[in-house]
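When a ligand or atom number is given, it counts from 1 through the structure's own listing order.
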Amino acid sequence: MEKLEQLYEGKAKKVFRTSDPEKLIVSYKDDATAFNGLKKGTIAGKGVINNKMSNLLMQMLEKAGVPTHFVEELNDRETVVKRVSIVPLEVIIRNISAGSFAKRYGVKEGIVFDSPTIEFSYKNDELGDPLINAYHALALKLATEEEIETIKRYAFKVNEELKRFWLSCGVTLVDFKLEFGRLSDGTIVLADEISPDTCRLWDVKTGEKLDKDRFRRDLGGVEDAYKEVMNRLMNNI
Ligand code: UDP
């Protein structure tokens, strides 16, 4: 598949057109941002890890019945994906309190929920990705009722699959963010990435953070944490 001109450069990835109008090539960068782009840095080797990890997890989810944008890994940093129009919602599932949830509701991190929660943010950098509910999403015509139902069903399915898989790696899946897209025929598929950039992953025994919070919170050992979760995934897949 031939890589043609760059269509878009995001915070962590570049997207290229291909000769097939229904396919794109994504290229994962080592750039890292946090706090809506306020904090910037690089995490050496992150792009290679996120590319491979996301592709392996998406293939696992496909087998479990969740359609994804994944087509084919080209090399260390590049993957062919189906072209979608992104539903402008960040879909966040939580199993344990952390991050903005803990801050917003004034609770400590690490409270294990009886059942997972779901929330949506409106993907809009200028507004700082505000929290919205399904009614707001409908009012803003970000998605249809049917699409929101499909997205919720897939998101909870992804949680069940990923929770079980990460546990087998000695990792607790605390929370994560998903993005969905529409194919040209309207089919909803899981898009974007699933990686330590978009998931909170804690060591089951020690509670050590093995994800982007090491970068966000200047905890050090960022590269090693990404390598550690990738090694555990490779040993259990
Ligand atoms: N997340 C993400 N991108 C965002 C916001 C959140 O990938 O723009 C992920 C984050 O890594 C975490 C989960 O979604 O795994 C929940 O994040 P939270 O709402 O707690 O926000 P944060 O504390 O990261 O600002």
Side-chain angles (χ1 to χ4, degrees), residues 8 10-13 26 28-41 43 46-47 49-51 53-54 57-58 61 68-69 86-113 116-133 137 142 151-152 154-156 158-163 165-167 169 171-181 190-203 207-219 222 225-226 229-230 233:
Y8 171 80
K11 293 171 191 141
K13 296 186 282 297
V26 293
Y28 284 75
K29 306 189 287 181
D30 286 348
D31 297 349
T33 63
F35 313 118
N36 199 20
L38 244 51
K39 184 181 170 86
K40 288 193 177 74
I43 301 173
K46 170 173 89 78
I49 288 175
N50 287 7
N51 182 39
M53 185 181 294
S54 193
L57 294 176
M58 291 224 185
L61 292 168
T68 78
H69 72 165
I86 289 285
V87 177
L89 293 173
E90 296 199 337
V91 181
I92 294 171
I93 297 273
R94 303 179 190 269
N95 297 303
I96 297 178
S97 66
S100 71
F101 181 96
K103 199 169 170 209
R104 190 183 321 129
Y105 301 122
V107 296
K108 62 183 194 316
E109 292 202 316
I111 300 165
V112 181
F113 303 150
T117 67
I118 189 163
E119 72 205 41
F120 302 108
S121 290
Y122 175 26
K123 242 177 96 70
N124 184 317
D125 280 339
E126 269 163 49
L127 300 177
D129 299 339
L131 190 66
I132 63 169
N133 67 30
L142 305 182
I151 286 171
K152 284 201 283 195
Y154 287 158
F156 283 118
V158 168
N159 186 43
E160 291 314 310
E161 295 299 321
L162 292 186
K163 221 170 35 176
F165 174 69
W166 279 119
L167 198 57
C169 304
V171 172
T172 304
L173 178 62
V174 175
D175 58 28
F176 57 95
K177 184 262 302 179
L178 300 175
E179 291 182 27
F180 291 87
L190 181 61
D192 194 47
E193 68 179 277
I194 307 175
S195 71
D197 274 16
T198 63
C199 302
R200 285 196 170 92
L201 303 166
W202 295 353
D203 180 83
E208 191 191 354
K209 297 185 196 313
L210 300 170
D211 57 58
K212 197 169 139 185
D213 270 348
R214 302 205 73 84
F215 169 78
R216 293 190 189 99
R217 303 177 188 189
D218 295 318
L219 299 177
V222 187
Y226 277 67
V229 273
M230 188 63 201
L233 178 147

Ion pair [X]/[Y], N-O distance below 4.0 Å:
| X | Y | answer |
| --- | --- | --- |
| Lys163 | Glu161 | no |
| Arg217 | Glu109 | yes |
| Arg200 | Asp213 | yes |

With heavy-atom distances below 4.0 Å as the criterion, list the atoms of ligand 1 near Phe176. 14 (O), 15 (O)
Is there a heavy atom in Lys103 that sits closer than 4.0 Å to ligand 1? no
Is the closest heavy-atom distance from Asn36 to ligand 1 below 4.0 Å? no
Start with the C-alpha gap between Leu233 and Trp166, add the side-chain angles, then the distance that decides, and say whether side chain to side chain contact (heavy atoms under 4.5 Å, CB included) holds. CA-CA 8 Å; Leu233 178 147; Trp166 279 119; 3.8 Å; yes
For atom 12 (C) of ligand 1, which candidate among Asp175, Ile194, Asp213 holds the nearest heavy atom? Asp175
Is there at least one pair of N or O atoms, one from Glu90 and one from ligand 1, spaced under 3.5 Å apart? yes
Nearest-contact summary for [atom] - protein heavy atom, Å:
| atom | answer |
| --- | --- |
| atom 6 (C) of ligand 1 | Ile92 CD1, 4.3 Å |
| atom 10 (C) of ligand 1 | Arg216 NH2, 3.5 Å |
| atom 24 (O) of ligand 1 | Arg200 NH2, 3.3 Å |
| atom 3 (N) of ligand 1 | Lys177 CE, 3.5 Å |
| atom 25 (O) of ligand 1 | Ser100 CB, 4.6 Å |

So does Phe176 get a backbone contact from the side chain of Thr198, meaning a donor-acceptor N/O pair under 3.5 Å? no
Are Lys46 and Tyr28 in a cation-pi contact, defined as NZ or CZ under 6.0 Å from the six-membered ring centre and within 45° of the axis? no
Out of Asp192, Asp30, Asp125, Asp197, which one pairs with Lys11 under the salt bridge (charged side-chain N to carboxylate O under 4.0 Å, His left out) rule? Asp125
Mark whether atom 14 (O) of ligand 1 lies under 4.0 angstrom from at least one protein heavy atom. yes
